[in-house]
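Here is the structure we will look at.
Remember, it's 1-based here, ligands and their atoms both numbered in the order they're listed. Counting from 1, the numbers follow the sequence of the chain as shown.
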Amino acid sequence: MISLTSTDPTQLDVDAVVVGVLTQGTSVVPVGADWLPAELARQITQDGARLGITGAVDEVRRLPGTGLRAATLVVTGLGDGPVDASTPAGAELLRRASGAALRELTGLDAVAVALPAPDADAVAAIAEGSLLGAYAFVRYHAQDAPVSRLEVVTDAADDPAATAALARAEVLAAAVHGTRDLVNTAPNDLYPAAFADAAKAAVKASGAKGLKVTVLDEKALAAGGYGGLVGVGQGSARPPRLVKVAYAPAKASGHVALVGKGITFDSGGISIKPAAGMEAMKSDMAGAAAVLHTVVAAARLGLPVAVTGWLCLAENMPSGTAQRPSDVVTIRGGTTVEVLNTDAEGRLVMADGLVAAVEEKPDLVVDIATLTGAQVVALGHRVSAVMGTDDARGEVVDAAHRAGEQFWPMPLPTDLRAGLKSKVADLANIGDRFGGMLTAGIFLQEFVGSTPWAHLDIAGPSFNERTAFGYTPVGGTGVGVRTLLGLLESRAS
Ligand code: BES
Ligand code: MN
Ligand code: ZN
């Protein structure tokens, strides 16, 4: 539960109050905190160094709440600022500082966030950051619960724009949390049919109007000519699914299709991966999870744009029924592909999904996939890649910038197409070793025809195997949801 309050933070009946500090040279200064009792303000500025308070981004310290009704004052770093929420950088600073604080405060019941919040933009950023930070994946073992009652302290508590921002932040955070939960779920519990059930359950739980889920099972996939999904899924005892989640509002201005890679576990298949690190491949369905929860969020917000999500679900396993290197599969629509490496499976299932999406003639197709290790090599763990037609790629980059997600534009060099030539089929599923992320993009391009299209490779940022930071936990991050939702919102307005 999250609400706005204009009450003096010293009087709030909560367990902790969060205040922001800026680094100024060698000292630290609380910001937007006239209400701070003199004793606490003095401690922070005079004894900052001794208390380990420098104001650095992601730094969170607790002090006794002397002079506050709350037992604890939590100091969170805003770096050098500025904390102007009307700029993407300023808003992201507020998101990170509030997220880092709430991530620290699991186990507490009620927390007030008293960062500078003069307007609806700031409320939006603080609410998003706080909710995104207040996350825990509790399915498999007992642990401290995230903070359940959040109060955002603001002078704009009576501003309808601030109330609307809060409501939107709740929908957005629920979508990101839902995505993280799916990514974190163990692959013995989340296989293609279970994912399809989870899609139905998420749609039902949302209570939103205009949503419809259609599931194609392995028989329907074979009958429909979805040779990529069938081929990749045939090695597993758990057969593949293609799930369509359609949101059709009464008045739609345009239609966007979203296609997500949903490999519920990627062992590599017969071209098996090394054992070290293979466990992270439970996250190879992060794109499909982001698509599902973006469509649900669009419906919950009642956006006046039609959105069709396509979840390409399969488990990539080695077995006596698995596809072999040198097998030829036929993608829906007739393109034949020689499978030279069964670990390049994502592009096979995505090809089927893209063809299905394009058949409905949407105005724009955006696909999102943990597609290549080369993405991580190129951009690291925190920056995702976006390729595609110029306008669509630019639209994604802009939406990401506004949403506070890092998506960087990448090219689709035509010379790499030659590497995908096969001696026996229309295409091979692997090409040049160098520029592997771009080659995967070039492969997908074959299946979108002339539809405006963006391809998002989130291999690195979708799953955090290192340490938590800002509002980003360890494990599933939910990356992509905020960008996709922001893109749909700007199409809707
Ligand atoms: N799911 C992987 C890509 C991946 C790697 C995602 C690391 C997240 C983190 C994908 O299916 C894969 O195995 N790609 C191969 C392609 C290669 C065989 C052309 C890769 O990147 O090595
Ligand atoms: Mn693979
Ligand atoms: Zn994969």
For N/O/S atoms only: which one belongs to [X] and is nearest the Zn ion (ligand 3)?
| X | answer |
| --- | --- |
| Asp266 | OD2 |
| Glu345 | OE2 |
| Asp284 | OD2 |

| contact_flag Gln375 ligand 1 heavy-atom lt 4.0 Å | no
| request: Assess Met285 for proximity to ligand 1: is some non-hydrogen atom of it under 4.0 Å away? | output: no
Distance-only side-chain donor-acceptor flag, [X] / [Y], under 3.5 Å:
| X | Y | answer |
| --- | --- | --- |
| Thr372 | Asp457 | yes |
| Asp367 | His455 | yes |
| Thr335 | Glu446 | no |
| Asp426 | Thr336 | yes |

[atom]: which protein heavy atom is closest, and how many Å away?
| atom | answer |
| --- | --- |
| atom 12 (C) of ligand 1 | Asp343 O, 3.2 Å |
| atom 10 (C) of ligand 1 | Leu371 O, 3.3 Å |
| atom 19 (C) of ligand 1 | Ile430 CG2, 3.5 Å |
| atom 16 (C) of ligand 1 | Arg347 NH2, 3.9 Å |
| atom 9 (C) of ligand 1 | Met281 CE, 3.5 Å |
| atom 2 (C) of ligand 1 | Asp266 OD2, 3.6 Å |

Going by heavy atoms in the side chains, are [X] and [Y] under 4.5 Å from each other?
| X | Y | answer |
| --- | --- | --- |
| Leu182 | Leu292 | yes |
| Asp189 | Tyr140 | yes |
| Ser98 | Glu128 | no |

Does ligand 1 come near enough to [X] that some N or O of the ligand is less than 3.5 Å from an N or O of the residue?
| X | result |
| --- | --- |
| Thr372 | no |
| Gly373 | yes |
| Asn341 | no |

With a 4.0 Å cut-off on N to O distance, would you call [X] and [Y] a salt bridge?
| X | Y | answer |
| --- | --- | --- |
| Glu489 | Arg402 | no |
| Glu279 | Lys273 | no |
| Lys423 | Glu338 | no |

| So which of Leu427, Leu412, Thr439 actually passes side chain to side chain contact (heavy atoms under 4.5 Å, CB included) with Arg417? | Leu427
| request: Kindly confirm whether the Zn ion (ligand 3) is within less than 2.8 Å of some N/O/S atom in Lys261? | output: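 So Lys261 counts as coordinating the Zn ion (ligand 3), yes.
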| What's the OD2-the Mn ion (ligand 2)-OE1 angle here (Asp266, Glu345), rounded to 10 degrees? |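 Vertex the Mn ion (ligand 2), arms to OD2 of Asp266 and OE1 of Glu345: 100°.
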| said: Run the side-chain contact (heavy atoms from CB on, under 4.5 Å) test on Leu456 and Leu484 for me, step by step, so that the C-alpha distance in whole Å, both residues' side-chain angles and the decisive distance to 0.1 Å come before the verdict. | reply: CA-CA 10 Å; Leu456 281 50; Leu484 292 175; 4.2 Å; yes
| Are any of the protein's heavy atoms under 4.0 angstrom from atom 21 (O) of ligand 1, yes or no? | yes
| Is the distance from the Mn ion (ligand 2) to some N, O or S atom of Asp284 under 2.8 Å? |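 Here the distance criterion (N, O or S atom, under 2.8 Å) is not met by Asp284, so no.
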| field | Ligand-residue contact atoms, ligand 1 with Glu345, heavy atoms, under 4.0 Å | value |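 What qualifies from ligand 1 is 11 (O).
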